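First up is the structure itself, then whatever we jot down about it.
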Amino acid sequence: MNYEAVIGLEVHVQLKTASKMFTRVAAGYGAPPNTLTDAVVLALPGALPVLNKEALDKIIKAGLMLGCTIAPVCKWDRKNYFYPDSPKNYQISQYDQPICLAGSVEIELPGVARNVMGEHKQIPLTRIHLEEDVGKLTHEAHDSLVDFNRAGTPLMEIVSEPAMHSADEAFAFLTSLRTTMVQGGISDCDMEKGQLRCDANISIRPVGETKLGVKVELKNLNSISYVRDGIALEIRRQTAVLTGGGSIVQETRQYDGEAGTSVAMRSKEMAHDYRYFPDPDLLPVQVDAAWQATIRATIPELPFDRQRRFIAQYQLPYTITAVLVPERDLGDFFEQVAQLCSHPQAAANWLVNDLRRELASGKIALTESKIRPMHIAALVDLVEQGEISMTAAKEVFNDMFQTGEAPAAIVIRKNLKQSTDSGALEQWVQSAIAANPRAVAEFLAGKEQAINAVKGAVMKASQGKANPKLVDELVRRQLLAVKP
Amino acid sequence: MNPSADINIEYVARLARLALTAAEQQKLSQQLGDILHYVDKLKQVDVTGIEPMAHGSPVFNVWGADVIMAGFSVDQALQNAPEQRDDSIVVPKIVE
Amino acid sequence: MSASVIFKSVAELSALLAAKSISACELMQAFAARTTAVEGRVHAFNSRDEAGALSLAAASDARRAAGQTRGPLDGIPIGFKDVIAVEGQPLTASSKMLANFISPYDATVTTKLKMAGAIPWGRLNLDEFAMGSSTENSAFGATANPWDLTRVPGGSSGGSAAAVAAGEMPVALGSDTGGSIRQPAAFCGLVGLKPTYGLVSRYGLAAFASSLDQIGTLTRTVGDAAQMLKIIAGHDARDSTSLSTVMPDYSAALPKKSRPWRIGVPKEFFGPGLDAEIGAAVQQALAFYRSAGAEITEVSLPLTAEYAIAVYYLIATAEASSNLARYDGIRYGHRARTTTDAISIYAQSRAEGFGEEVKRRIILGTHVLSSGYYDAYYLRAQKVRALIRGEFMSVFQNCDVLLSPTTPTAAFKIGEKSADPLAMYLNDIYTIGVNLAGLPGISLPCGFTTGGLPIGLQIIGQPFGEAEMLTIAHTYEQGHAWHTKYPNL
Ligand SMILES: [Mg+2]
Ligand SMILES: [Zn+2]
């Protein structure tokens, strides 16, 4: 029998705010243990929560970017459960009135080849709500240590509909979601820092069946490739169980990415009676049209929209856009260059190949690079106007990457201007023809490539400054004149 | 009807993380049974169409700006800790 | 010295300090001496730091000498119910759970009082986590009523009431969730003020029931209550439920009488169960107001009378079950040593740390929120609460204030009701509706029983109607001498 997988994801994203969700002590990653706490974070007697306006703004922005409906009124609920990383032993969350409803994440599946755009789909969302993160437990030999620095960090929970059917789709969902959230300035989404975390609900059913199968919750998918590998493994596991005549048990499994295995977690005593009730310490939030409009005005173009526009507006190849678009800074940079020069495709090549390579090898962020859009635009124009050769352009690029000098100034300083003095050129061409009789004979006999030896000799004589187009023209003219 | 049947003390005590002796359970069962029987009178009230009152006052949109204010030093944070090591709270090992 | 100051009001002491007839140090010494003399019998304090208080008194004297005094509370000792945070001082909530807890921060009211120059004088006993009406539910022993040491001072702010009544301080802070300031004020012959929900910040008040709790005062006079309210009230950015409202000058408003008051008398609060002597005392108070030109009308609060206690015990215990989850012995508080298992350490620590009444309420509150019961209990209680608030608000269309007894009986014997929790709960019948509706209420002395026990008169105001409520109370106080009587200790 053939089975179809049904996958829903629950993604937790830490919001990028200065202070915590319900108190104004700093939020942050990597600080020494228990240095980011106060009475509220530690749930001391008498401490009370106060909402962080920026977290509200950020989740509304996220919701609007994903096409959600923003609830006119949302409220705060307590989710009651005991755990050492949860200081109050309840988590402030949103239960039956979340701030964002519906919406979707656009995904792109792998194309038939690397340079071909894959199929796009909209994966519907159920909801997005705001809550607070818990502290961090470090398990040692005989006990565990608790650090409450992370406790109270604003956390957005994005719940998808069970609408994905393969590990690839789940992977694409998370990739797209991450790109969108990073580009919206909502989160840095660094999975290693726990800023983006993903749990998956997975079930399988015979193809054609509409009823959902028994679902398994897969946890600890803490890198983007673990999401794909873990889900693929779980689908194989469930398929093997059903094929072998067994049945799926509803359970929570922990994925071990290094080993590529998963194990059932000891089912938590007292399955879920969270006793949700409205938090009396926090008042409901009303979001009106004016607030939505203010946030909407800050939303950047969505990545896939930008990619489609880059292809249409600048005639860029798919593969180039696939590199330019996922990094917002790079895409912005490109657009600035494109405003300044008339050859956006050439500019895109410089960015995607040379600039990215140099940034990566120097471990420099684009924003810290000495190269600004006007540098690339000027360089492209110098090449296109025949002022410098491509070889010289590479040298200019490397120089301006180091110095931040304008390309024109580098050309002068290094004397890289392409020679267009046809008198000298005529001389070099004549000498080259005289010095390469064999190549000349071959060319005249019909071997087109043989002309390169002559042209190379001319370029060499000019020390690279000759305009290659002009050289080609002159060499051909003189050779044809020689031809009997 | 035995009113104490309305409450499963063992289940609730486990949810509330309260270890109760058998004697305590029995006493509570009786007392809470009486109280639950008393509050049952609320069933007489017609609450059709009534919005539940979840807060002391009907106010919306109270928040603070995202500015950082000083918190506790590690010493302040851990000054009341029953057990600590390496600037962290120590708890018995948790087995998942 | 001490006999001459210990029963004076804050206003009187403030005048003595201003006239330099007495120094803050002498005043503090007088109260410390009185406390030492009577504490063995009253047991109002959980802890106190005499040296710390004296050094704050010295600082107050220094300010006064330098002409930098901070106003009428500068140098006045103030007691704190042991649920209100004072940095560097214990905060036990009268629970074994917090027996060794030291607060690393100040409550907002504490900060305000310190800024006003007041001297935190001791941590006062209460029913554990404010759960009770007698101060018998304290892990550190019951407090006695200074008027009759065999009787309870009321609760849960019983330590606060007893301490002021016994002359151990002129004023104390309490908290009122269902009557926990007004009822002990009535039992101890004091003025007990419970402000409108949201008028005084709850930041730093260990929560019992968040939607009902409110900090207030126990004082000898209405004037002192007004003075204290002026200082502790006002919006606080650390408490989301603290409301922005224009605050009148409560003290300045006291002598003013805007128009003939319309006083409503809820007929259900004079029914069976009300002690005859108390009923008579309240009727005399009504007669006083009538003769003073007030318009007295009978009003009806049928839902409040019938359902308030049921609603209260569902909402308060539900909120409490969640509010008290933080007391787990992990970050602070009592940790059981009998187990090393992470799961049972919670259950064991909490079993050892909490007393019987607290356990009872946590279990009840957990039950009413649990799966399958939420709608029938908690949600329904919230709806009836809305109806009760509506009932008060509609009565207030034709009344400025409501007037009633504070309690159905005078102070009862220690141990008399502790075996029957429901009977104890029913004692709060006149005070609980005020908390459910978020209203201000005040209890002031209006007589004594033939047995010599104080009787309390309750005045209930409109939301943020403290100024008018205090003025009406003050008018009664001006015409009577009950507040000048002191217990014989
Ligand atoms: Mg979840
Ligand atoms: Zn979550």
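By convention in this document, chain letters (A, B, ...) are assigned in the order of the sequence lines, proteins followed by strands, and residues within each chain are numbered from 1. Because the structure is predicted, anything quoted here is derived from the model rather than measured.
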[atom1] of [X]: more than 12 outside heavy atoms within 6.0 angstrom?
X: A:Glu251; atom1: CD; answer: yes
X: A:Tyr95; atom1: OH; answer: no
X: B:Gln44; atom1: CD; answer: yes

Taking heavy atoms only and a threshold strictly under 4.5 Å, list by residue number the residues of residues 74-84 of chain B that touch chain A; give 'none' if the list is empty. B:Val74, B:Ala77, B:Leu78
I'd like to know if A:Glu140 pairs up with B:Lys93 as an ion pair, taking the criterion as any Lys NZ or Arg NE/NH1/NH2 lying under 4.0 Å from an Asp or Glu carboxylate oxygen. no
Please test B:Phe60 against A:Val285 for side-chain contact (heavy atoms from CB on, under 4.5 Å), starting from the C-alpha separation and ending with a verdict. CA-CA 5 Å; B:Phe60 295 86; A:Val285 170; over 6 Å; no
Residues in salt bridge (Lys or Arg N to Asp or Glu O under 4.0 Å) with A:Arg296, at least two apart? none
Is a side-chain donor or acceptor of [X] paired with a backbone partner of [Y] at a separation under 3.5 angstrom?
X: B:Asn61; Y: A:Gln286; answer: yes
X: B:His55; Y: A:Asp279; answer: yes
X: A:Asn34; Y: B:Asp87; answer: yes

Considering only heavy atoms, which portion of [X] lies under 4.5 Å from any heavy atom of chain B: side chain, backbone, both, or neither?
X: A:Leu145; result: both
X: A:Pro84; result: side chain
X: A:Val73; result: side chain
X: A:Asn80; result: neither
X: A:Ala141; result: backbone

Any side-chain heavy atom of A:Arg24 sitting closer than 4.5 Å to one from B:Ile68? no
Side-chain donor-acceptor contacts of residues 43-59 of chain A below 3.5 Å, not counting sequence neighbours, with atom names and distances?
{"unit_1": "A:Asn52", "atom_1": "OD1", "unit_2": "A:Glu54", "atom_2": "N", "d": "3.0"}
{"unit_1": "A:Asn52", "atom_1": "ND2", "unit_2": "A:Ser19", "atom_2": "O", "d": "3.2"}
{"unit_1": "A:Asn52", "atom_1": "ND2", "unit_2": "A:Ser19", "atom_2": "OG", "d": "3.2"}
{"unit_1": "A:Asn52", "atom_1": "ND2", "unit_2": "A:Lys20", "atom_2": "O", "d": "3.0"}
{"unit_1": "A:Asn52", "atom_1": "ND2", "unit_2": "B:Asp66", "atom_2": "OD1", "d": "3.1"}
{"unit_1": "A:Lys53", "atom_1": "NZ", "unit_2": "A:Asp57", "atom_2": "OD1", "d": "3.4"}
{"unit_1": "A:Lys53", "atom_1": "NZ", "unit_2": "A:Asp57", "atom_2": "OD2", "d": "3.4"}
{"unit_1": "A:Glu54", "atom_1": "OE2", "unit_2": "A:Lys58", "atom_2": "NZ", "d": "2.9"}
{"unit_1": "A:Asp57", "atom_1": "OD1", "unit_2": "A:Trp291", "atom_2": "NE1", "d": "2.8"}
{"unit_1": "A:Lys58", "atom_1": "NZ", "unit_2": "A:Lys16", "atom_2": "O", "d": "2.9"}

Between B:Val90, B:Asp86, B:Val59, B:Val91, the one whose heavy-atom pairs under 4.5 Å with chain A are most numerous: B:Val91
To the nearest 0.5 Å, how far apart are CG in B:Leu15 and OH in A:Tyr81? 14.5 Å
Leading residue by heavy atom contact count with chain B [cutoff under 4.5 Å; candidates A:Thr35, A:Asp38, A:Asp143]: A:Asp143
Among the listed options A:His142, A:Lys75, A:Arg275, the residue most often paired with chain B at heavy-atom distances under 4.5 Å: A:Arg275
Just one of A:Val41, A:Leu42, A:Val25 clears the side-chain contact (heavy atoms from CB on, under 4.5 Å) bar with B:Phe72, so which one? A:Leu42
Can you pull out every ring-ring contact (aromatic ring centres under 6.0 Å, His included) where at least one residue sits in residues 21-40 of chain A? Sequence neighbours excluded, please. none
